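Working notes for the structure below.
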Amino acid sequence: MSDVIALVFDFDDTLAPDSTTGFLSELGVDAGHFWSQEVGPLLSQHDWDPVPAYLYQMIELSRSGRHGPITQERLAQWGRRLPLHDGVDTLFSRLRALVKAQHPQVQIEFYLISSGIGDVVRNTPIAHEFTDIWASEFMYGPDGGIHFPRRIVSFTDKTRYLFHIQKGIVGQASRNKPFEVNKKVEQDKLRVPFQQMIFVGDGYTDIPCFSLIRKSGGVAFGVWDPRHKDKRSRAWGFIQEGRVSNLNQARYDEHAELYQWLEEAVESLAGRISLNSRIYGG
């Protein structure tokens with residue numbers, strides 16, 4: 001019986017305000033125009049997928065020279081300055097302490113699966129909290145600017161990384177083994193069964209993860225950023241469609257309702273693991 005709980009997060013609008021929009025604004029770009037007039041037509045008129053569409057337009061922006069090349073260092077610098085939602089900076093230590101105090105034989109691990117830019121999220125102050133991070137990635141050209149996407153994480157791509165977690169194919173050693181995730185692993189040898197996962201996300205790209213985790217007996221929480229009330233109705237749709245177990249504002253301080261629910265879910269899973277270990281041990 002696995003003794004690991006995996007708490008898996010989306011990033012943009014889940015743990016922090018939209019990091020790409022924030023980065024564009026820092027460059028002096030009209031982010032609203034970028035999304036509606038540059039990315040939007042690719043979706044509505046040319047049948048692009050949303051994630052490669054925004055990555056492509058960022059590459060075009062970098063090449064244009066209007067705001068200088070978008071380099072790896074500029075993305076990393078933004079990641080280091082990026083604001084986080086309330087309570088995120090201490091969320092991980094609080095949940096680790098909770099599990100250690102009540103069920104010391106159970107491990108809790110944190111993962112990040114994002115359609116955002118890897119060189120941003122890997123440089124945030126909380127990056128070290130995650131056992132692994134998967135996000136969209138660029139390769140860089142001769143001028144140091146973004147040149148081509150080398151990884152795109154979108155929609156069902158996100159579920160691929162849930163299978164990585166499930167099978168224990170995580171960390172740097174797994175990076176040069178892209179087909180390893182397709183290997184069949186017997187149920188009793190899975191490192192983290194889906195029913196021991198909690199997924200937290202806010203957007204359409206998270207729907208496949210919501211569905212897979214809920215269908216498999218895990219817990220899925222939908223969140224919305226209170227600073228963007230226009231997104232609340234979209235998030236409410238996840239509840240109406242049965243995609244998520246609960247819906248809350250994206251706040252993680254000790255008294256926030258979302259944090260209370262996360263504590264409850266973690267305690268419940270840890271208790272179930274502890275009970276099963278005693279049953280099987282006897």
Side-chain angles (χ1 to χ4, degrees), residues 2-19 22 76 78-114 116 118-135 161-162 164-166 168 170-172 191-193 195-202 206 209 213 218-227 245-274 277:
S2 167
D3 63 353
V4 182
I5 296 169
L7 182 43
V8 188
F9 291 94
D10 172 49
F11 187 75
D12 291 310
D13 289 327
T14 297
L15 295 176
D18 188 309
S19 60
W78 168 240
R80 290 190 281 270
R81 298 196 307 273
L82 180 66
L84 302 170
H85 286 326
D86 292 346
V88 168
D89 55 340
T90 59
L91 166 67
F92 310 96
S93 58
R94 279 181 273 136
L95 289 176
R96 285 193 183 99
L98 172 74
V99 172
K100 184 176 180 180
Q102 298 189 10
H103 302 281
Q105 74 276 31
V106 176
Q107 303 175 63
I108 183 168
E109 296 176 349
F110 302 100
Y111 294 88
L112 186 66
I113 306 175
S114 173
D119 282 317
V120 172
V121 298
R122 282 195 306 275
N123 284 281
T124 61
I126 57 170
H128 67 282
E129 303 283 7
F130 299 101
T131 298
D132 212 336
I133 294 173
W134 296 280
Y161 299 109
L162 294 181
H164 274 261
I165 297 166
Q166 181 202 48
V170 300
Q172 195 59 40
R191 187 167 185 276
V192 191
Q195 62 264 32
Q196 291 172 209
M197 292 188 194
I198 302 166
F199 186 86
V200 185
D202 80 292
D206 300 311
C209 289
I213 292 296
V219 182
F221 289 115
V223 302
W224 59 281
D225 185 344
R227 286 169 288 193
S245 312
N246 210 323
L247 177 67
N248 294 100
Q249 292 186 11
R251 290 179 49 240
Y252 301 87
D253 52 274
E254 201 163 353
H255 303 291
E257 187 175 12
L258 174 59
Y259 178 71
Q260 300 296 322
W261 281 111
L262 284 173
E263 270 198 343
E264 188 70 28
V266 168
E267 284 181 320
S268 177
L269 285 177
R272 190 172 73 196
I273 292 168
S274 296
S277 67

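Since this is a predicted model, take the numbers as computed values, not measurements.
With sequence neighbours excluded, the residues satisfying salt bridge (charged side-chain N to carboxylate O under 4.0 Å, His left out) with Arg122 are Asp119, Glu137. Remark: Arg94 engages no residue in a salt bridge (charged side-chain N to carboxylate O under 4.0 Å, His left out) (not counting sequence neighbours).
Contact detail for Ala270 and Ile5: the closest heavy-atom pair is N-CD1, 3.6 Å. Residues Ala6 and Val192 come closest through the heavy atom pair CB-CG1, 3.8 Å. Minimum heavy-atom separation, Thr131 to Val170: CG2-CG2, 4.2 Å. The minimum heavy-atom distance linking Val106 with Ser274 is given by the pair CG2-OG, 3.8 Å. For the residue pair Asp10 and Leu112, the shortest heavy atom distance occurs at O-CD1, 3.5 Å. Of all heavy-atom pairs between Asp132 and Gly171, the closest is OD2-N, 2.6 Å.
Phe199 is not listed as a side-chain neighbour of Val219, based on a closest heavy-atom distance of 4.5 Å or more. Side-chain contact between Leu269 and Ile198: present, with at least one pair of heavy atoms (C-beta onward) separated by less than 4.5 Å. Side-chain contact between Asp86 and Tyr252: absent, with no pair of heavy atoms (C-beta onward) separated by less than 4.5 Å.
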Exercise for review: Show the numbers, then the answer: is there a side chain to side chain contact (heavy atoms under 4.5 Å, CB included) between His103 and Ile273?
Suggested key: CA-CA 9 Å; His103 302 281; Ile273 292 168; over 6 Å; no
Review point. Can you list the steps and then say if Glu267 with Gln102 is a side chain to side chain donor-acceptor pair (under 3.5 Å)?
Key: CA-CA 8 Å; Glu267 284 181 320; Gln102 298 189 10; 3.1 Å; yes
Point to revise | CA sep, side-chain torsions, deciding dist, call: Leu7, Tyr111, side chain to side chain contact (heavy atoms under 4.5 Å, CB included) | key: CA-CA 6 Å; Leu7 182 43; Tyr111 294 88; over 6 Å; no
Check your understanding: side chain to side chain contact (heavy atoms under 4.5 Å, CB included) between Gln105 and Asp3: does it pass, once the steps are laid out?
Key -> CA-CA 7 Å; Gln105 74 276 31; Asp3 63 353; 5.6 Å; no
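Formation of a donor-acceptor pair under 3.5 Å by the Gln249 side chain with backbone atoms of Val223 is not found in this model. Side chain of Glu129 to main chain of Thr90: no donor-acceptor pair is present (N/O by atom type, distance under 3.5 Å, no hydrogens or angles). Without hydrogens or angle criteria, His128 side chain to Pro125 main chain gives a donor-acceptor distance under 3.5 Å. Here the side chain of Trp261 pairs no donor or acceptor atom with the backbone of Asn248 at under 3.5 angstrom. The backbone N or O of Asp202 sits nowhere less than 3.5 Å from a side-chain atom of Asp13 that would complete a donor-acceptor pair. In this structure, Ser2 contributes its side chain and Arg191 its backbone to a donor-acceptor pair below 3.5 Å. No side-chain donor-acceptor contact under 3.5 Å links Asp206 to the backbone of Cys209.
Separating the CD atom in Gln107 from the CD atom in Gln196 is a distance of 11.0 Å, to the nearest 0.5 Å. Between the OG atom in Ser268 and the CD atom in Glu263 there is a gap of 13.0 Å [rounded to 0.5 Å]. Rounding to the nearest 0.5 Å gives a distance of 13.5 Å between OG1 of Thr124 and CZ of Arg81. From Leu258, atom CG reaches atom CZ of Arg251 across 9.5 Å, with rounding to the nearest 0.5 Å. The line from CZ of Phe110 to CD1 of Ile126 is 10.5 Å long, rounded to the nearest 0.5 Å. If you take CD on Gln260 and NE2 on His255, they are separated by 8.0 Å, rounding to the nearest 0.5 Å.
Residue-environment remark: CD (Glu264) stays at or below the threshold of 12 foreign heavy atoms within 6.0 Å.
Using cut-offs of 30° and 60° for the angle between ring planes, the Trp134 and Tyr161 rings count as parallel. Taking the six-membered ring for Trp and thresholds of 30 and 60 degrees, Phe92 and Phe130 have ring planes more than 60 degrees apart, a perpendicular arrangement.
Comment: Arg96 does not engage Glu109 in a salt bridge, judged by the lack of any side-chain N to carboxylate O separation of less than 4.0 angstrom.
Of the residues Ile113, Leu82, Ile133, the one that meets the side-chain contact (heavy atoms from CB on, under 4.5 Å) test with Phe11 is Leu82.
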